[in-house]
Amino acid sequence: MDPMRADLVGLSFATAPGRAWYVPVGHQQGSQLPLEEVLAEVRPLMESDQLGKSAHNANFDMMMLANHGINVQNVDHDTMIAAHLLGKTGIGLKNLALEVLGEEMTPIAKLIGTGKKQITFDHVPIEAATPYAAADADMTGRLRSVFEPQVKNQEELTRLMSDMELPLVPVLVDMQRQGIKVDTGVLHEMSRDLNEQIQQVEEEFRQTIKEKVGGLSVNINSPQQLSDLLFKELGLPHTRRTKTGYSTDANALQDLKSRLTDDDINASIEGIQVVDQILEYRQIAKLKSTYVDALPGMVNPATGRIHTRYNQTGSATGRVSSSDPNLQNIPIRTELGRQVRRAFIAPDAPQWLLFSADYSQIELRVLAHLSQDPGLLEAFRKGEDIHSATASSMFDVPINEVDSEMRRIAKVLNFGVIYGLSAHGISQQTGFSREEGSNFIESYFAKYPGISEYLEGVKASARENQYVETLLGRRRSVPEINSPNFNVRGAAERMAINMPIQGTAADIMKLAMIRVHRRLAEESLRAKMLLQVHDELVFEVPQEEMETLKDLVFDEMPAAMELDVTLKVDAKWGETWGDME
DNA sequence: GGCTATTGCAA
DNA sequence: TATTGCAATAGCC
């Protein structure tokens, strides 16, 4: 087999961890395949890859083969991207085959088994694997022939495909392969500390509830059991209903607490104590189970790094998502949480550092451009703090007389407008009444009439077309926009409002990543792009390249898209992701 | 073990 | 009863 054969088209089949097999697209079930030949060549390369069996997706393998001079194109992934652009969100090859082609495909589980007896795919005998590989190849080929013309039919989608999604693939793969270094010592130490704290809080919790429940055990991790405890045993005032009981989430518990504090009749030292203990337990337990204890197990022993997976076809708005682990939701807002970020480190500090560049208020800038609201545009052009500027307008005071409460409220409105605000949402976020929430919205739109008109326009267009789109024409279908059901329609309207804003911001970031990646290569820098967190890019960089990298991202990120407001980029750097300035 | 519900972390 | 994600635990089948 000639490794550079142009018609060897890569196709991921059965992603056992770190293992994908490649067969030419278009082969049908039962046809003769040169699978043995392909495997003979590809398998040793995969076995020898330094990252070994670390969990990765097909593109990871594709690029690995490309690095070894095998000219593969991952048509499987390309087809999924096309399907995604066409609005087929969140479904894989098997579902697409069923939905689009009416073909039922046998799940891999049938071949490799499940549970303890499960084997990885590279141990499946070749005779057994061949028909499955052929089925994947066949379906992918047929799906491509369905989707390709549909994409070509729409100029915007063709451009998104050729100028954005396809060039982004190798960027994401490089980031996945590079990984980020993690100091597991920091995490192990934290785990011990948190364990003690958890034991202590749980013990206090048991003491507090002992008299009420006697010998009965309450699992503090079970919302159902907590609901019974708080609202049946302790008789506390009800929170909002869920399907299984009363809500015990942090919001509900905070509300409950304030009612227990304010209301003399319900005054309950014991109740307040239990609620506080649950809240504290939850905070620590969440951190420990989701991050502190989980992350060390995700470090690849060969690289000492965590290699997240980036999903290019996972979201309805065009965002990239991250999994295994998700590095887009590592804590930062509390000091305890930020400590987790400190475990993400530069290699060989201080010769190397981590560097982070983020778009400042990208979604509000996008909104200013899309809505052309004069007030919002002007505020950005003046370079003002946007929430203070909004507060200044809303409350009719000079910007230097805006106090923190006014700014807080304005900030809620600015965020709210991106999410499709409601009077109720605003009241929840601000702590004011629904009535006052409604008044805030009214004065907000009075000052930003362009935003109001824009939102009405988006909704009208959505009702007409059943879809909304970003500035570059990425679409999201919103069929329920015309639902007679108030709740269903309302939800669709909020999605319709949010998608063009969030999606345009996501498009900008994708273009920026392609530009920055290209420049890093062109200038042969050792700096590497590691993470994307929606509006932020994280790099590792040798100190002597720091200034170059800074100039580079300040050049490329704002230039990703030309809007009527400039795209501002902030940067910070340090030895860990947790302490940067 | 697969599925749903609840909860909570990020932008 | 604000948008987009991913993931942990409980609890059911």
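Throughout, a chain's letter reflects where its sequence line sits, starting with A, and its residues are numbered from 1.
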Report the nucleotide, chosen from [options], that has the shortest atom-to-atom distance to any side-chain atom of [X].
{"X": "T242(A)", "options": "dA11(B), dA7(C), dT7(B)", "answer": "dT7(B)"}
{"X": "T317(A)", "options": "dA2(C), dA10(C), dT4(C)", "answer": "dT4(C)"}
{"X": "N311(A)", "options": "dC6(C), dA10(C), dC9(B)", "answer": "dC6(C)"}

Checklist entry - Quick one: does N329(A) reach the base of dC9(B) with a side-chain donor-acceptor pair under 3.5 Å? => result yes
Item to check | Pair of N/O donor and acceptor under 3.5 Å linking dA10(B) base with R333(A) side chain | outcome: no
Is [X] reaching over with its side chain to a backbone N or O of [Y], donor-acceptor style, under 3.5 angstrom?
{"X": "Q176(A)", "Y": "Y310(A)", "value": "yes"}
{"X": "S452(A)", "Y": "Y448(A)", "value": "no"}
{"X": "S191(A)", "Y": "V292(A)", "value": "no"}
{"X": "S227(A)", "Y": "P223(A)", "value": "no"}

Between [N] ([atom2]) and [X] ([atom1]): distance, integer Å:
{"X": "L364(A)", "N": "dA11(B)", "atom1": "CG", "atom2": "C1'", "result": "13 Å"}
{"X": "N221(A)", "N": "dG8(B)", "atom1": "CG", "atom2": "P", "result": "11 Å"}
{"X": "L537(A)", "N": "dA11(B)", "atom1": "CG", "atom2": "P", "result": "14 Å"}
{"X": "Y310(A)", "N": "dG5(C)", "atom1": "OH", "atom2": "C1'", "result": "13 Å"}
{"X": "K243(A)", "N": "dT7(B)", "atom1": "NZ", "atom2": "C1'", "result": "15 Å"}
{"X": "E536(A)", "N": "dA10(B)", "atom1": "CD", "atom2": "P", "result": "12 Å"}
{"X": "Q502(A)", "N": "dG5(C)", "atom1": "CD", "atom2": "C1'", "result": "8 Å"}
{"X": "D570(A)", "N": "dA11(B)", "atom1": "CG", "atom2": "C1'", "result": "15 Å"}

Which part of the nucleic acid does [X] contact within heavy-atom distance under 4.0 Å: base, sugar-phosphate only, or nothing?
{"X": "S427(A)", "value": "nothing"}
{"X": "A506(A)", "value": "nothing"}
{"X": "D358(A)", "value": "nothing"}
{"X": "G416(A)", "value": "base"}
{"X": "I426(A)", "value": "base"}
{"X": "H534(A)", "value": "sugar-phosphate"}
{"X": "A505(A)", "value": "nothing"}
{"X": "V412(A)", "value": "base"}
{"X": "R241(A)", "value": "nothing"}

Item to check | Pair M495(A)-I481(A), side chain to side chain contact (heavy atoms under 4.5 Å, CB included): steps then yes or no | outcome: CA-CA 9 Å; M495(A) 293 174 203; I481(A) 195 85; over 6 Å; no
Checklist entry - In terms of side-chain geometry, is the basic nitrogen of R474(A) or E165(A) positioned less than 4.0 Å from the acidic oxygen of its partner? => result yes
Next on the checklist: Under 4.0 Å between a side-chain nitrogen and a carboxylate oxygen: does that hold for E99(A) and K88(A)?
Outcome noted: yes
Item to check | Stretch residues 493-501 of chain A: residues that reach within less than 4.0 Å of DNA chain C through a heavy atom | outcome: R494(A), M495(A), N498(A)
Checklist entry - Between residues 222-230 of chain A and DNA chain C, which residues have a heavy-atom gap below 4.0 Å? => result S222(A), Q225(A)
Next on the checklist: For a quick check under 3.5 Å, do Q277(A) and T208(A) share a side-chain donor-acceptor pair by atom type?
Outcome noted: yes
Item to check | Polar side chain donor-acceptor pair, H307(A) to N300(A), under 3.5 angstrom | outcome: no
Checklist entry - Is there any salt bridge (Lys or Arg N to Asp or Glu O under 4.0 Å) pair reaching into residues 332-341 of chain A, and which pairs are they, with sequence neighbours excluded? => result E335(A)-R342(A)
Item to check | Consecutive Watson-Crick or G-U pairs in runs of at least 3, all under 3.5 Å, in which DNA chain C is involved | outcome: B:1-11 with C:3-13
Can you list, pair by pair, the side-chain donor-acceptor contacts under 3.5 Å of residues 314-321 of chain A, counting residues two or more places apart and other chains?
unit_1, atom_1, unit_2, atom_2, d
S315(A), OG, G318(A), N, 3.1
S315(A), OG, R319(A), N, 2.8
S315(A), OG, R319(A), O, 2.9
T317(A), OG1, Q502(A), OE1, 2.7
R319(A), NE, Q502(A), OE1, 3.4

Next on the checklist: Would you say S247(A) places a side-chain N or O within less than 4.0 Å of OP1 or OP2 belonging to dT6(B)?
Outcome noted: no
Item to check | T244(A) side-chain N/O to dA5(B) phosphate OP1/OP2 under 4.0 Å | outcome: no
Checklist entry - Do any of residues 275-293 of chain A sit with a heavy atom less than 4.0 Å from DNA chain B, and if so which? => result R282(A), K286(A), Y291(A)
Next on the checklist: Pick the closest DNA chain C nucleotide for R240(A) and for S321(A) by heavy atoms, then say which residue is nearer the 5' end.
Outcome noted: R240(A)
Checklist entry - Are F440(A) and Y444(A) near enough that their ring centres are under 6.0 Å apart? => result no
Item to check | Smallest separation among heavy atoms of L336(A) and I284(A), with atom names | outcome: CD2-CG1, 4.5 Å
Item to check | Nearest heavy-atom neighbours spanning A379(A) and I386(A) | outcome: CB-CD1, 3.7 Å
Checklist entry - Hey, are the side chains of V366(A) and V565(A) touching, using non-hydrogen atoms and a 4.5 Å cut-off? => result no
Checklist entry - Under 30°, 30 to 60°, or over 60°: which ring-plane class applies to W573(A) and F355(A), parallel, tilted or perpendicular? => result parallel
